[in-house]
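Structure first, then comments.
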Amino acid sequence: MSPDFLAACRRQPAGGTPVWFMRQAGRYQPEYRKIRERRSLLEICALPDICTEVTLLPVHQLGVDAAILFSDITVPLLAVGVHLRIEENVGPVIERPFTSAQDIERLRPLVPEEDEPYVSAAVGQIVSELNGLPLIGFGGGPFTLASYLVEGGPSRQYLKVKGLMWEDPATFRRLLERLAEITFAHLEAQVRAGAAALQIFDSWIGSLTPYDYRTHVLPVMQGLFARLRSLSVPTIYFGVETAGLLPLMAEAGADALGVDWRVDLAEAWRVVGTRHAIQGNLDPALLLGPWPEVERGTRRVLAAANARPGHIFNLGHGVLPTTPPDILRRVVDLVHASPAEM
Ligand code: CP3
């Protein structure tokens, strides 16, 4: 029996430590690269058969305890008519970045059945082929989505989106509320189609001070997670470089917090308390190293988690494209061989 990912999200005994990897489907796989020769990333997301094939690749190859829908956080933005493209080795690029309060009107509500029927179609097809293994649905955090819309693309310092937040907090809040609305509709549709858990990728939230997070973002996240609770599936809230924000992120209302490798897991638990599951947090760069180091790093993460109920093993961020596929399978086997929680 493989460890029960959903039980771990709820901090119940899971029969071992469940493991999956952010970006477990992607360019590190030769099979994925082959598919990408003929299709763009966003085409794959909009073609349920191919999306299903790509989502299932790592499930069969690695023996992970959960699948994650192959998609991108920008998919629902595209579905409501935001013109954007995903540039290789760069990320999402917005055709006309948001520069004024009027631009918010470009974000109409998402009607998943009409705007992105391929998402539910893919989820349904994947779930029917998973034989009971849970599928994680996901969406972007409102701040992270706003950062792309306002900056126009990936950013180092987030000067424009922070500028908006400080100069016109009411407009910033309206932008985040609209994005939360879109994210909720996007996630609700995935759960209706069969997703068994949800992760919010708020990847760039760690760029904010605790004060700004609490003042400008946390209330929106609390509203979003309160609504997600009605869907009765476990939720995971993930961000990068969030060590200083963890106590506040714990107030957002997710069941589990995803943390990167810059924080010690035992320390994360100390700060967050025992009311949350914690997901993480092997450094993805370590997977490029020799196996003995990978093995030691994996054991260090497991030791820091100390077999607490509610540890979900993952990387601290996505699998890097240069990762040898076989290493991931060995990490899964090692995590599964570790003793179950006490
Ligand atoms: O985890 C999974 O297996 C699901 C796949 C997934 C993708 N995007 C596919 C993808 C997930 C969970 C995402 C979420 C996403 N997209 C986030 C949050 C997670 C994170 O990484 O912080 C963000 C910030 C984005 C925006 C985005 N899309 C970026 C920064 C990039 C990388 C650009 C690059 O070329 O490195 C993308 C493109 C993207 N989305 C790829 C994949 C597999 C790259 C591979 C490709 O183009 O085929």
Side-chain angles (χ1 to χ4, degrees), residues 42 71-87 90-110 115-116 138-188 198-228 235 237-242 244-245 248-249 251-254 258 317:
L42 293 171
S71 187
D72 193 79
I73 59 168
T74 53
V75 163
L77 299 181
L78 203 67
V80 298
V82 176
H83 293 285
L84 63 90
R85 59 183 191 280
I86 294 190
E87 260 178 40
V90 177
V93 177
I94 311 296
E95 215 162 274
R96 286 183 297 128
F98 285 27
T99 56
S100 75
Q102 282 80 51
D103 283 321
I104 296 181
E105 304 313 317
R106 286 158 58 192
L107 289 176
R108 61 172 175 77
L110 175 75
D115 298 326
E116 47 170 35
F138 75 91
F143 174 81
T144 295
L145 293 174
S147 81
Y148 285 110
L149 293 176
V150 176
E151 301 290 336
S155 175
R156 235 176 242 285
Q157 296 181 304
Y158 304 94
L159 299 181
K160 292 182 182 138
V161 71
K162 287 185 182 182
L164 173 66
M165 178 178 77
W166 291 320
E167 282 157 31
D168 189 352
T171 296
F172 177 80
R173 175 67 70 91
R174 270 202 305 124
L175 173 60
L176 260 54
E177 293 288 3
R178 283 237 177 160
L179 289 166
E181 190 68 41
I182 288 171
T183 293
F184 177 77
H186 183 59
L187 296 175
E188 184 185 36
L198 294 170
Q199 176 156 322
I200 300 270
F201 283 92
D202 212 352
S203 303
W204 314 136
I205 199 67
S207 61
L208 295 180
T209 65
Y211 174 85
D212 286 322
Y213 178 77
R214 186 199 301 118
T215 308
H216 301 288
V217 179
L218 179 59
V220 179
M221 298 314 296
Q222 287 174 328
L224 177 57
F225 281 111
R227 292 185 72 187
L228 291 176
T235 53
Y237 185 24
F238 168 78
V240 178
E241 293 190 78
T242 57
L245 294 182
L248 292 169
M249 289 175 74
E251 290 178 31
H317 204 174

Enter the distance from [X]:[atom1] to [Y]:[atom2] here, rounded to the nearest 0.5 Å.
| X | Y | atom1 | atom2 | result |
| --- | --- | --- | --- | --- |
| L187 | T235 | CG | OG1 | 10.0 Å |
| S207 | Q157 | OG | CD | 10.5 Å |
| L208 | R214 | CG | CZ | 12.5 Å |
| K160 | T99 | NZ | OG1 | 10.0 Å |
| I73 | Q199 | CD1 | CD | 11.5 Å |
| L110 | D115 | CG | CG | 5.0 Å |

Which atom pair, heavy atoms only, marks the closest approach of [X] to [Y]?
| X | Y | value |
| --- | --- | --- |
| L42 | L84 | CD1-CD1, 4.2 Å |
| A252 | F225 | O-CB, 3.4 Å |
| V75 | S71 | CG2-OG, 3.4 Å |
| I205 | L245 | O-CD1, 3.4 Å |
| L159 | E151 | N-OE2, 3.4 Å |

Does any part of the side chain of [Y], heavy atoms only, come nearer than 4.5 Å to the side chain of [X], both counted from C-beta?
| X | Y | result |
| --- | --- | --- |
| I94 | V150 | no |
| L149 | D103 | no |
| L145 | R178 | no |
| F138 | H186 | no |
| F143 | M221 | no |
| P142 | L224 | yes |
| Y148 | W204 | yes |
| P76 | E116 | yes |

Give the table of side-chain donor-acceptor pairs shorter than 3.5 Å for residues 163-173, with sequence neighbours excluded, one pair per line with atom names and distance.
| unit_1 | atom_1 | unit_2 | atom_2 | d |
| --- | --- | --- | --- | --- |
| W166 | NE1 | D212 | OD1 | 3.2 |
| W166 | NE1 | D212 | OD2 | 3.3 |
| D168 | OD1 | T171 | N | 3.2 |
| D168 | OD1 | T171 | OG1 | 3.1 |
| D168 | OD2 | T171 | OG1 | 2.6 |
| R173 | NH2 | T215 | O | 3.3 |

Derivation of the salt bridge (charged side-chain N to carboxylate O under 4.0 Å, His left out) call for E181 and R227 = CA-CA 10 Å; E181 190 68 41; R227 292 185 72 187; 3.3 Å; yes
Walk me through it: do L77 and L107 pass the test side chain to side chain contact (heavy atoms under 4.5 Å, CB included)?
-> CA-CA 8 Å; L77 299 181; L107 289 176; 4.3 Å; yes
Does the [X] side chain pair with the main chain of [Y], one donor and one acceptor, at a distance under 3.5 Å?
| X | Y | value |
| --- | --- | --- |
| T183 | L179 | yes |
| D202 | F238 | no |
| T74 | P92 | no |
| R85 | V93 | no |
| Q222 | E251 | yes |

CZ of R96: more than 12 outside heavy atoms within 6.0 angstrom?
-> no
Y211 and H216 aromatic ring geometry - parallel, tilted or perpendicular at 30°/60° bounds =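 Taking Y211 first and then H216, their aromatic rings stand perpendicular (interplane angle over 60°).
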